[in-house]
Amino acid sequence: MKTVFSETHTLRDAKTELYGGELVYPFERPSRMTYILDRLKAVDPGPILPPGDHGLAPILRIHDAGLVDFLQTAWDEWQAEGYEGEAIATCWPARRMTQRRPDHIDGKLGYYALATETSLTPGTWDAAYGSAQVALTAADLIRAGERSAFALCRPPGHHAAFDMYGGYCFLNNAAIAAQRFLDNGAARVAILDVDFHHGNGTQDIFYDRSDVLFLSLHGEPENAFPHFLGYADETGTGAGEGFTVNHPMPPGTPFSEWRRSLDAALDRIAQYAPDHLIVSLGVDTFETDPISFFKLKSPDFTTYGGDIARLGLPTLFVMEGGYDIAEIGLNTVNVIEGFLGAA
Ligand code: OKP
Ligand code: ZN
């Protein structure tokens with residue numbers, strides 16, 4: 001399996017994440033990639049390639065032009081205001097307030113942010129753009145006939161909605177890749193999101209569509225970020241009714257239970273018979289992840305990689321979360337190895 005990876009991810013090195021009332025060094029940090037690359041090089045499932053540049057057009061197939069423009073200009077506007085720290089949203093269009101977009105940078109941050117933990121920094125746009133190009137390039141490998149590919153994306157993407165950033169995400173890499181498959185002739189694409197957190201952005205983007213089946217296994221919103229989406233009764237709307245599938249699970253969920261949800265999701269994918277499968281691959285389901293509450297162990301990642309492979313579909317893995325950095329390489333590459341071992 002080929003991996004696509006870009007060094008431009010290092011341009012996203014925020015110093016702050018608002019966590020527990022303190023500004024801490026972000027969980028989503030550049031060294032995550034170092035550990036994954038080290039393990040990839042040790043196991044060597046295939047070559048590691050740089051992305052091509054597909055420009056803004058495929059990004060604008062998924063995202064609001066206002067969000068894309070905002071992400072490119074926010075840092076300069078923030079600095080022009082004279083602020084000294086990283087750019088953090090402090091107010092929102094909350095219940096019964098207008099949804100008009102203000103001119104001031106403080107207003108725009110609140111308009112486009114879905115959470116405050118994700119500070120904007122000088123290199124954030126360039127890193128997010130590079131991450132989307134990684135996903136697009138890996139998707140093109142599959143279009144060119146590869147049975148699978150690994151888009152080693154950073155920053156991650158699945159919380160980024162049509163016109164919102166947050167949860168460490170700016171552009172929805174998996175959604176951008178899905179749209180590329182469709183724009184190049186695919187009829188149906190399935191996105192299976194196994195990150196611990198609900199893929200609210202991906203769900204938002206495809207909620208009214210039947211050409212993308214979205215399925216997510218995640219910590220129940222009563223107890224886990226993003227808290228305001230991901231309930232089992234969210235099933236899609238209009239033409240998309242029945243094409244969103246959520247499997248929320250409670251604190252302490254072990255692999256045996258998690259795998260039941262996976263089996264149900266895989267059955268639904270098989271029934272849908274997509275041309276391509278995209279796996280939003282977060283390994284924050286690991287038992288010692290610092291911000292999550294499932295109990296998967298390292299060998300479980302190998303096991304479920306094999307489960308996914310047995311669908312027999314052309315499969316694009318897109319990296320999302322995973323914050324137990326010492327084990328992120330092992331757990332991530334275990335999924336790849338499990339897939340290849342069963343393929
Ligand atoms: C991004 B990805 C916990 C706050 C959680 C944001 C988590 C973003 C996860 N008290 N903050 O899905 O791995
Ligand atoms: Zn996550």
Side-chain angles (χ1 to χ4, degrees), residues 9 12 14 16-33 35-36 86 88-89 92 113-120 124 127-128 131 135 151-161 164-175 191-205 214-230 246-251 253 258 261 278-296 301 304 317-325 327-329 331-332 335:
H9 82 87
R12 169 77 187 161
T16 64
E17 168 177 345
L18 183 56
Y19 178 81
E22 296 180 288
L23 291 175
V24 303
Y25 184 60
F27 293 94
E28 202 296 288
R29 58 185 69 173
S31 60
R32 296 175 61 243
M33 295 297 107
Y35 284 88
I36 297 173
E86 296 182 332
I88 302 176
W92 278 269
L114 61 85
T116 58
E117 83 289 287
T118 304
S119 304
L120 297 183
T124 293
S131 193
L152 182 45
C153 291
R154 180 182 176 271
H158 71 150
H159 296 304
M164 290 181 282
Y165 75 95
Y168 316 154
C169 301
F170 309 94
L171 299 173
N172 195 311
N173 306 309
I191 303 179
L192 171 65
D193 191 324
V194 297
D195 186 281
F196 168 80
H197 301 93
H198 177 246
N200 63 283
T202 317
Q203 173 170 313
D204 171 67
I205 288 163
F214 174 71
L215 313 96
S216 183
L217 279 56
H218 51 270
E220 57 190 15
E222 294 94 332
N223 289 302
F225 183 89
H227 291 295
F228 301 102
L229 213 62
N246 282 314
H247 290 275
M249 287 168 273
T253 297
W258 189 91
S261 294
I278 297 174
V279 179
S280 266
L281 177 59
V283 296
D284 39 9
T285 49
F286 187 51
E287 56 182 345
T288 51
D289 191 273
I291 62 169
S292 307
F293 58 57
F294 290 168
K295 297 293 166 209
L296 273 64
F301 292 89
Y304 87 66
F317 291 92
V318 176
M319 195 69 208
E320 303 283 0
Y323 309 100
D324 184 341
I325 296 194
E327 306 300 330
I328 190 177
N331 294 335
T332 302
V335 178

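We count ligands from 1, going down the list as the structure has it; atoms in each ligand are counted the same way.
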For W92 and T116: C-alpha separation, side-chain torsions, deciding distance, then whether side-chain contact (heavy atoms from CB on, under 4.5 Å) applies. CA-CA 10 Å; W92 278 269; T116 58; 2.9 Å; yes

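- Evaluation of the side chain to side chain donor-acceptor pair (under 3.5 Å) rule for S31 yields no partner, not counting sequence neighbours.
- For the residue pair T288 / D324, a side-chain donor-acceptor distance below 3.5 Å is found, with atom types taken as modelled.
- Under the salt bridge (Lys or Arg N to Asp or Glu O under 4.0 Å) criterion, the residue pairs touching residues 22-31 are E28-R32, E28-R154, with sequence neighbours excluded.
- A search for side chain to side chain donor-acceptor pair (under 3.5 Å) contacts involving E86 returns T16, not counting sequence neighbours.
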Atom pairs, nitrogen or oxygen, ligand 1 to protein, under 3.5 angstrom:
residue, atom, partner, partner atom, Å
ligand 1, 12 (O), H158, NE2, 2.6
ligand 1, 12 (O), H159, NE2, 2.7
ligand 1, 12 (O), D195, OD1, 3.0
ligand 1, 12 (O), H197, ND1, 3.1
ligand 1, 13 (O), D195, OD2, 3.3
ligand 1, 13 (O), H197, ND1, 3.4
ligand 1, 13 (O), D284, OD2, 2.9
ligand 1, 13 (O), Y323, OH, 2.5

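- Residue contact annotation: E320 places no N/O/S atom under 2.8 Å from the Zn ion (ligand 2).
- The Zn ion (ligand 2) lies at the vertex of an angle of 100° between the OD2 atom of D284 and the ND1 atom of H197 (rounded to 10°).
- Using cut-offs of 30° and 60° on the angle between ring planes, the pair W258 and Y304 is tilted.
- Here the N, O or S atom of D195 that is nearest to the Zn ion (ligand 2) is OD1.
- In summary, H158 places no N/O/S atom under 2.8 Å from the Zn ion (ligand 2), failing the contact criterion.
- Two rings, from Y168 and Y323, have their centers less than 6.0 Å apart.
- There is a side-chain donor-acceptor pair under 3.5 Å between H198 and N246.
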